[in-house]
Structure formats: C-alpha cells, structure tokens
Amino acid sequence: MNKSIAWACAQLKNKLWVVGLLAFCHLPLGLAADFHRFWPDNLYAVNFIDKNTGFIAGYSGTLLRTEDGGDNWEALYIGRNELIRRVDFVDPDYGWAVGHRGSIFHSKDGGRNWEVQHSVANTFLRDVAFVDRNHGWVVGHESAILHTVDGGITWTAQKLDGYVGRDLPRLHGIVVRSESEAALVGEFGVVAHTQDGGEHWSLVANESRGTLLSIAAAGDRYVVVGSDGVINLVSPVVSLSTSAVAEGTVTAVGPNQAEATVPAGQAPSPHAIEYQIQPLATGTTEHFFAVSAAGDGVAVAVGRSAVVKIHGTTVTPLVADDSVALPFSWFGGVAVLEDGSFWSVGIRGAVARGDLASGSLTLAFNLAHSDRVVLGSSRWEKSQ
C-alpha cells in the first residue's frame with residue numbers, strides 16, 4: 001500500500017471512530033445498557049445506608065448507586081471532573097460528597113443530580129460525615145474543619161484547640177456520633193474530639209507523629225488507622241455525667257477506671273471526656289487508608305495489600321481469593337454493614353465484597369467491564 005492510500009485509510013478510520021463515539025453519546029439512555037469504561041478509574045469512597053442502598057465514588061466524578069444490595073449498579077456522574085474522596089448519605093435521598101478541588105457536593109435525589117454547595121479554594125477536602133439532614137462536618141488540608149447546622153446552606157470554619165505545630169496538619173478523616181459529638185484524625189498524629197458541636201476541638205495526647213488517615217466509631221471507642229500499618233484504639237478515660245456531678249464524684253469509664261472529682265452542682269464542661277490511645281499489633285507496615293465499623297464494634301481496615309478485621313484489641317488478616325490479587329492491590333474505601341458483610345473499593349475500578357463471619361474477600365466486579373453496571377447518565381451531557 002502506497003503512502004497516499006495509507007493516509008486516506010487512516011483518515012477514514014478516524015472519521016468512523018468519531019462518528020461512532022458521537023452516535024453512542026447521543027443514544028437514548030435506555031439504549032446505553034452495555035456499559036464499558038476504557039480506563040478503569042481508581043475508587044476511594046463507598047457508603048451504604050442499609051443492606052440495599054449504597055454508593056461508590058472516585059476519580060473523574062465517577063459515582064455508582066445500587067438499590068438491590070450490590071447486585072446491580074447505576075453509573076452516574078457528579079457533575080464535575082473531580083476526584084471524589086468520600087461520600088456520606090443519611091437516607092436514600094440526601095447525601096454529600098467532597099472532592100480534591102475543594103468542592104462540597106450535595107444531592108437531594110439519591111445521587112442522580114448534584115449541586116456544589118461550597119468550595120474551598122486551593123484546599124483538598126478529604127472526608128465528610130453527617131448525622132442527619134442538617135448537621136455535619138467536612139475536613140481537609142490546611143487543618144480545614146467546616147461545620148453546618150442547616151444542611152450545607154452555610155458552613156462555619158472551626159479550629160483545633162491548642163495546636164502549636166509549625167505546619168497546619170492535613171486532616172484526613174472524621175466520624176460523627178451526634179449533633180454535638182464527633183472525632184477527627186490527620187497528619188502529625190492528630191486525634192481530636194468535640195462534645196459541643198465543634199466549639200472546642202480537644203487534642204488527644206499521642207506519642208506518635210505518624211499520618212492518620214481514617215477513623216470509625218466502634219462501641220464507646222474509636223478505631224483509627226494510618227500509614228505504616230498503624231491501627232490505634234482511642235478509648236474514653238473519664239466521663240463526667242450530670243447525675244454524678246451533683247454528688248461531687250465522677251467514676252471514669254474506660255480501661256483504667258480512674259476517678260475525678262468536681263465541686264457539687266457544677267455542670268460538666270465540654271472537655272469532660274478524655275481519651276487515651278492504645279496502639280495495636282498489626283503485623284504489617286503497609287499503609288491503611290480506610291476503616292469502617294459495624295454496630296457490634298467489629299471494624300474492617302483496608303489499605304495497600306492489606307485487609308484486616310479489628311475485634312477488641314485483636315487484628316486478624318482477612319483471606320482474599322485470587323480474584324482480588326491482594327499483594328498487588330490497594331483499597332481506598334470500605335463500608336461494613338450490620339449483617340457482617342462489607343464492601344471495599346480501590347485500584348483500577350476494583351469493587352470487592354467480603355464477609356466477617358467467614359473472613360473472606362472476593363472481587364464483585366470491575367468498573368472497566370461489568371454486566372452489573374448500567375449507564376444512568378453521561379458526563380458528556382453535563383457541563384464540567
């Protein structure tokens with residue numbers, strides 16, 4: 001074939017490819033059932049409201065939704081080509097997500113449509129946690145703590161009490177127990193908690209200066225994970241109750257059963273609860289990126305080449321089958337359900353499902369090609 005013919009054939013192929021792509025992009029949604037991603041985006045977020053309704057998110061505004069317990073997923077788009085770090089829904093309709101460009105996204109229709117409620121310039125946002133449709137927090141780099149009491153209509157900046165480091169810590173994880181109680185973790189071994197809605201964020205003494213990446217509530221404790229195989233229990237030491245204060249003596253809760261006294265009739269202060277950190281033996285130096293806990297206090301931590309169960313002070317590796325290829329994989333998000341099953345998402349669109357009772361983990365599907373995923377909306381139909 002001479003050069004002119006070869007050039008003509010190449011131009012024809014290019015035109016046919018473009019025509020095919022445009023034709024696909026303008027297909028009615030009902031005809032776009034064969035979902036295929038030529039580049040499987042890394043995934044970082046997974047959030048289940050109950051055993052049936054769940055969400056997955058990651059690179060490039062990727063968002064998936066299931067309503068049947070993960071048997072089938074609808075591929076949506078968050079509206080911006082932004083890396084989505086975490087997603088948190090409080091019910092099947094209301095949810096929030098945070099992005100790597102400082103965006104706080106909000107949906108009122110189960111993730112099918114999103115608005116940007118707030119943007120923080122030049123700040124990576126790393127986690128979001130809500131307790132109901134009104135009260136929630138977002139954390140991120142430069143010690144960013146944002147709080148809302150009106151569903152994200154307004155956001156108020158908060159700060160760590162007494163932090164004196166040279167550089168502001170990047171805050172990576174937050175968990176919320178109630179409208180007033182929450183805890184967060186970040187760089188330089190930062191662990192902090194609030195009992196008054198964030199008016200005060202009290203630092204927990206920590207000898208380690210390592211990077212902490214995620215936190216979950218497990219019973220009356222917190223489970224914290226981070227780089228270099230770190231898993232810590234953060235346990236309450238002293239809790240001042242109103243009834244005990246009236247008598248002038250307060251009995252501690254937690255492992256050391258210490259006691260504290262205050263004047264009779266004095267009201268508990270926002271700093272009444274103190275915590276202590278207990279490092280756990282993990283047997284690995286691999287980084288843990290995320291942790292999630294079930295109602296019975298059992299937690300699952302995932303990371304680089306590692307997936308483990310935490311029960312009390314015992315850390316047990318879970319068994320991944322060959323479909324997961326765990327030694328060569330990483331998982332950036334995990335969600336434990338009340339029935340002991342859990343979902344984890346990570347490298348190159350991997351979505352895995354596990355079971356705490358059997359200690360197993362297997363690949364459920366891959367974002368690049370799966371008959372479990374159908375196209376619900378196209379990024380080409382929306383502005384970026």
Side-chain angles (χ1 to χ4, degrees), residues 88 90 96 126-140 143-152 154-164 169 171-186 188-206 212 214-224 232-278 291-293 295 297 299:
D88 189 37
V90 296
W96 286 261
R126 299 301 296 257
D127 203 1
V128 54
F130 272 72
V131 68
D132 55 34
R133 287 189 174 189
N134 292 315
H135 299 84
W137 276 272
V138 166
V139 296
S143 194
I145 307 173
L146 299 172
H147 181 229
T148 183
V149 296
D150 56 15
T154 58
W155 293 87
T156 301
Q158 299 177 340
K159 64 180 181 179
L160 299 173
D161 291 350
Y163 182 80
V164 294
L171 302 179
H172 294 294
I174 188 166
V175 62
V176 177
R177 291 185 183 270
S178 69
E179 295 178 10
S180 58
E181 185 176 2
L184 58 80
V185 296
F188 315 133
V190 165
V191 181
H193 65 96
T194 182
Q195 271 79 47
D196 58 7
E199 291 293 325
H200 301 86
W201 280 98
S202 302
L203 292 166
V204 179
N206 188 5
L212 302 176
S214 184
I215 182 171
D220 66 340
R221 300 172 167 179
Y222 296 106
V223 181
V224 173
N232 293 331
L233 290 184
V234 183
S235 304
V237 179
V238 177
S239 177
L240 303 186
S241 66
T242 303
S243 60
V245 169
E247 300 173 1
T249 303
V250 179
T251 303
V253 296
N256 63 2
Q257 293 300 301
E259 292 187 356
T261 59
V262 297
Q266 178 176 313
S269 75
H271 309 284
I273 298 178
E274 297 180 1
Y275 288 88
Q276 68 179 12
I277 294 177
Q278 178 183 3
V291 62
S292 176

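Heavy atoms only: backbone and side chains are in, while hydrogens, waters and symmetry mates are out.
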Q: Could you tell me which non-hydrogen atom of Q158 sits nearest to which non-hydrogen atom of G197, and how far apart they are?
A: NE2-O, 3.0 Å
Q | Under the side-chain contact (heavy atoms from CB on, under 4.5 Å) test, residues paired with S178 that sit two or more places apart | A | S180, E181
Q) Would you call V223 and L233 a side-chain contact if the rule is heavy atoms closer than 4.5 Å? A) yes
Q) Looking at residues at least two apart in the chain, or sitting in another chain, which of them share a side-chain contact (heavy atoms from CB on, under 4.5 Å) with D132? A) N134, H135, E179
Q: Please work out whether the ring planes of Y275 and H193 are parallel, tilted or perpendicular, with thresholds of 30° and 60°.
A: perpendicular
Q) Measuring from R126:CZ to L184:CG, what's the distance to the nearest 0.5 Å? A) 14.0 Å
Q | Nearest atoms (heavy-atom pairs only) where P169 meets L160 | A | CG-CD1, 4.1 Å
**Q.** Closest non-hydrogen atom pair, A192 against L203
**A.** CB-CD2, 4.1 Å
(Q) Can you give me the closest heavy-atom contact between R221 and S235, atom names plus distance? (A) NE-OG, 3.3 Å
Q.
Tell me every residue that passes side-chain contact (heavy atoms from CB on, under 4.5 Å) with N232, counting only those two or more places apart in sequence or in another chain.
A. L212, V224, V230, I277, P279
Q. With no hydrogens and no angle check, is any side-chain donor or acceptor of S214 less than 3.5 Å from a backbone partner on G173?
A. no
Q. Can you check whether H200's main-chain N or O pairs, donor with acceptor, with T194's side chain at less than 3.5 Å?
A. yes
**Q.** Taking every non-hydrogen atom, the tightest pair across W137 and A182
**A.** CZ3-CB, 3.9 Å
Q.
Please enumerate all residues that pass side-chain contact (heavy atoms from CB on, under 4.5 Å) together with A293, with sequence neighbours excluded.
A. A216, A218, A299
Q. Please walk me through it: do H147 and V149 pass side-chain contact (heavy atoms from CB on, under 4.5 Å)?
A. CA-CA 7 Å; H147 181 229; V149 296; 3.5 Å; yes
**Q.** Closest heavy-atom pair and its distance - G219, R177
**A.** O-NH1, 2.9 Å
Q. With sequence neighbours left out, what residues match W96 under side-chain hydrogen bond (donor to acceptor under 3.5 Å, both in side chains)?
A. H106, Q117
**Q.** Under the side-chain hydrogen bond (donor to acceptor under 3.5 Å, both in side chains) test, residues paired with T148 that sit two or more places apart
**A.** D150
Q | Flag side-chain contact, heavy atom, 4.5 Å: Y163 against V190 | A | yes
Q) Hey, what do you get for CD1 (I215) to CG (L171), rounding to the nearest 0.5 Å? A) 11.5 Å
